[in-house]
Amino acid sequence: MHRYCALITGSFYLLFPLEPELVAAVANFRGWNVGRLTYATVIATTGVGKVSNGICFVICALFINNSVDSDRRGALNGLSMTITSAVRTITPITFGAVFS
């Protein structure tokens, strides 16, 4: 399960920047409305990407729990959640500065 989840999440994050061009090419080829098709595919892929990202987070937490002895499990969970929170805090600030 974890392999498929990582594959789905990785493919969505790699293909997401190309999505409008791919949708426009398909819509122009078929003669469909580009705006509605783009909106629908962005919502669908974002939803699938968010769900698979959440599943990957839970699977990583389970791997961390299974990798240590029970007497050190609380400390490791606290450390992993602290690092996760720090990365989730720093990432928007960093990429906001880079792309603004």
Side-chain angles (χ1 to χ4, degrees):
M1 171 85 178
H2 64 280
R3 293 180 187 142
Y4 300 120
C5 183
L7 181 67
I8 291 170
T9 303
S11 63
F12 275 113
Y13 286 126
L14 288 175
L15 292 176
F16 193 74
L18 302 174
E19 185 176 17
E21 287 81 13
L22 294 174
V23 169
V26 169
N28 289 332
F29 180 72
R30 299 272 185 166
W32 296 339
N33 186 352
V34 176
R36 289 183 183 171
L37 186 62
T38 303
Y39 185 69
T41 55
V42 166
I43 288 189
T45 56
T46 302
V48 171
K50 293 291 183 182
V51 168
S52 63
N53 194 7
I55 291 171
C56 284
F57 181 74
V58 171
I59 289 172
C60 288
L62 290 173
F63 283 155
I64 290 170
N65 276 336
N66 291 335
S67 66
V68 296
D69 296 331
S70 61
D71 59 337
R72 296 183 184 198
R73 191 169 290 161
L76 187 65
N77 276 334
L79 180 65
S80 69
M81 292 300 155
T82 301
I83 292 171
T84 301
S85 296
V87 169
R88 287 184 178 185
T89 302
I90 293 170
T91 303
I93 296 168
T94 304
F95 284 102
V98 168
F99 290 110
S100 65

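Predicted, not measured: the structure shown is a model, and the values here were computed from it.
Here the CG-CE distance, from Leu76 to Met81, works out to 9.5 Å after rounding to the nearest 0.5 Å.
Under the 3.5 Å distance criterion, the side-chain polar atoms of Ser85 are left unmatched by any main-chain donor or acceptor of Thr82. In this structure a side-chain-to-backbone donor-acceptor pair under 3.5 Å is present from Ser67 to Ile64.
Nearest heavy-atom pair, Thr89 versus Ile93, reported as atom, atom and distance to 0.1 Å: O-CD1, 3.5 Å.
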